[in-house]
Amino acid sequence: MTLKSLAILLGVLVPLVATAQEKIVNVYSSRHYQTDEALYTGFTRATGIKVNRIEAGEDALIERIRNEGARSPGDVLITVDAGRLWRAEQLGLFQPIRSPVLDSRIPQSFREPGGQWFGFSMRARVLAYNKARVRPDELRRYEDLADAKWKGRICARSSSNIYNLSLMGALIDRLGEARAEEWARAVRANLARDPKGGDTDQLKAVAAGECDVAISNHYYYARLARSAKPDEKAIAGKLGVALPGLAGTGTHVNISGAGVLKHAPHREAAVRFLEYLASDEAQRYFADGNNEWPVVASARVANPVLSAIGEISYDPINVAVLGRNQPLAQKIFDRVGWK
Ligand SMILES: [Fe+2]
């Protein structure tokens with residue numbers, strides 16, 4: 001090979017190698033929905049940046065990122081519930097991001113104020129009830145559950161569950177610690193059985209007549225309602241869904257969200273990925289994959305079950321408050337004996 005041809009060959013190769021290094025984003029995700037595939041291909045189509053996915057359970061991913069430390073190849077962490085994103089933040093896994101796109105697209109209440117993490121879809125903690133035994137107007141507020149008329153009629157999962165901790169975090173903020181504890185004590189006394197199982201198990205218990213009301217995230221109901229299995233559809237058929245208010249505000253909602261990891265090797269690509277998630281197109285895929293609502297108002301999903309649940313008016317509490325109140329929330333649950 002002549003020197004000249006070697007120079008030409010290198011001239012071709014070097015830029016290719018440099019580009020290949022830049023055009024990648026490594027996404028750690030605890031999501032596993034079919035529609036997420038469309039998100040990744042959509043992002044690559046729009047930007048030319050390839051997405052490498054590492055999927056695992058939430059806690060396993062957080063543990064992995066911790067162990068990898070400064071050598072972590074991870075650029076982005078996607079997970080569910082503000083309480084969990086907050087935990088990752090407390091472990092120092094994220095870096096703050098300032099993006100005019102994210103700031104303008106995502107409502108303030110769905111972003112960590114320091115830019116450590118951002119919500120991309122919204123889930124509501126609803127009250128599912130037995131339509132044959134309960135009228136929806138009996139469940140206008142979460143506070144209603146404390147009434148003695150519900151004695152032996154409520155099903156709920158354990159207090160260590162992140163969804164319940166986030167709900168209690170909102171109650172603490174809106175009602176104050178003392179009233180939040182009173183509420184927890186009263187609801188605990190109204191439980192039909194000791195807390196056990198996940199949200200879907202609470203819904204099944206209502207349909208089976210074991211209790212009349214269950215505290216559950218709305219998408220577990222949506223999954224049953226959209227199920228191809230007749231027995232699951234039948235369970236949803238017995239249930240109504242109330243969107244309760246809290247202390248004069250709207251329904252308690254939470255998020256699925258993401259942040260840029262502290263040692264992200266491809267920081268710029270990571271920011272572009274988050275910005276893409278806030279686009280109308282991505283919002284629809286991201287939210288609909290789990291029957292959630294988009295956080296960006298202009299992105300509308302055509303989801304029959306969400307439409308049937310109704311227009312949601314939500315409590316605009318900042319998601320970071322849910323994390324901050326998490327330790328106190330657990331203390332309150334422990335004090336009232338909510339297992
Ligand atoms: Fe869930």
Side-chain angles (χ1 to χ4, degrees), residues 27-36 39 55-63 77-88 110 117-128 142 155-171 195-207 213-227 229 232 235-236 239 241-244 251-259 277 283 285-295 301 303 305-306 309 312 314-315 317 319 322-323 326 329-330 333 338-339:
V27 176
Y28 285 22
S29 172
S30 67
R31 289 167 58 96
H32 41 264
Y33 308 122
Q34 298 247 304
T35 46
D36 283 12
L39 279 180
E55 290 178 344
E58 297 89 1
D59 296 332
L61 278 181
I62 286 177
E63 199 49 39
L77 171 66
I78 301 180
T79 187
V80 298
D81 201 286
R84 245 188 225 115
L85 287 155
W86 177 82
R87 281 182 195 166
F110 295 130
W117 42 276
F118 303 83
F120 292 99
S121 65
M122 178 172 88
R123 59 255 309 277
R125 199 105 183 103
V126 301
L127 301 177
Y142 297 96
C155 276
R157 68 196 290 176
S158 84
S159 68
S160 60
N161 168 254
I162 195 80
Y163 306 148
N164 281 346
L165 288 170
S166 290
L167 171 62
M168 180 52 71
L171 284 156
K196 63 173 178 183
D199 281 5
T200 303
D201 297 306
Q202 316 311 316
L203 300 178
K204 287 178 178 170
V206 172
V213 187
I215 304 172
S216 170
N217 281 358
H218 79 281
Y219 53 85
Y220 292 104
Y221 165 81
R223 269 180 214 168
L224 294 173
R226 297 185 81 179
S227 174
K229 295 180 186 158
E232 293 189 341
I235 291 168
L239 306 177
V241 174
L243 295 168
T251 302
H252 167 66
V253 293
N254 210 308
I255 54 166
S256 292
L277 291 183
Q283 277 284 291
Y285 287 129
F286 195 94
D288 208 28
N290 189 31
N291 298 300
E292 294 180 62
W293 288 277
V295 294
V301 288
N303 181 321
V305 175
L306 291 188
I309 288 175
I312 183 164
Y314 61 84
D315 178 0
I317 186 175
V319 280
L322 308 178
Q326 194 180 113
Q330 187 65 70
F333 277 133
W338 186 320
K339 284 187 203 158

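Note that the structure is predicted; figures quoted are calculated from it, not measured. Whatever order the structure lists ligands and atoms in, that order sets their numbers, starting from 1.
Near the Fe ion (ligand 1), less than 2.8 Å away, sit the protein N, O or S atoms Tyr163 OH, Tyr219 OH, Tyr220 OH.
The aromatic rings of Tyr220 and Tyr163 sit tilted, their planes meeting at an angle between 30° and 60°.
For the pair Gln330/Ser160, a side-chain contact is recorded, criterion being any heavy-atom separation below 4.5 Å from C-beta on. Considering only heavy atoms from C-beta on, Glu292 comes within 4.5 Å of Ser256 through its side chain.
Figure legend: cation-pi geometry between Arg31 and Phe286, with NZ or CZ positioned under 6.0 Å from the six-membered ring centre and within 45° of its axis.
Electrostatic pairing of Asp199 and Arg157 counts as a salt bridge here, judged by a charged N lying under 4.0 Å from a carboxylate O.
Remark: Asp288 engages Asn303 in a side chain to side chain donor-acceptor pair (under 3.5 Å) (not counting sequence neighbours).
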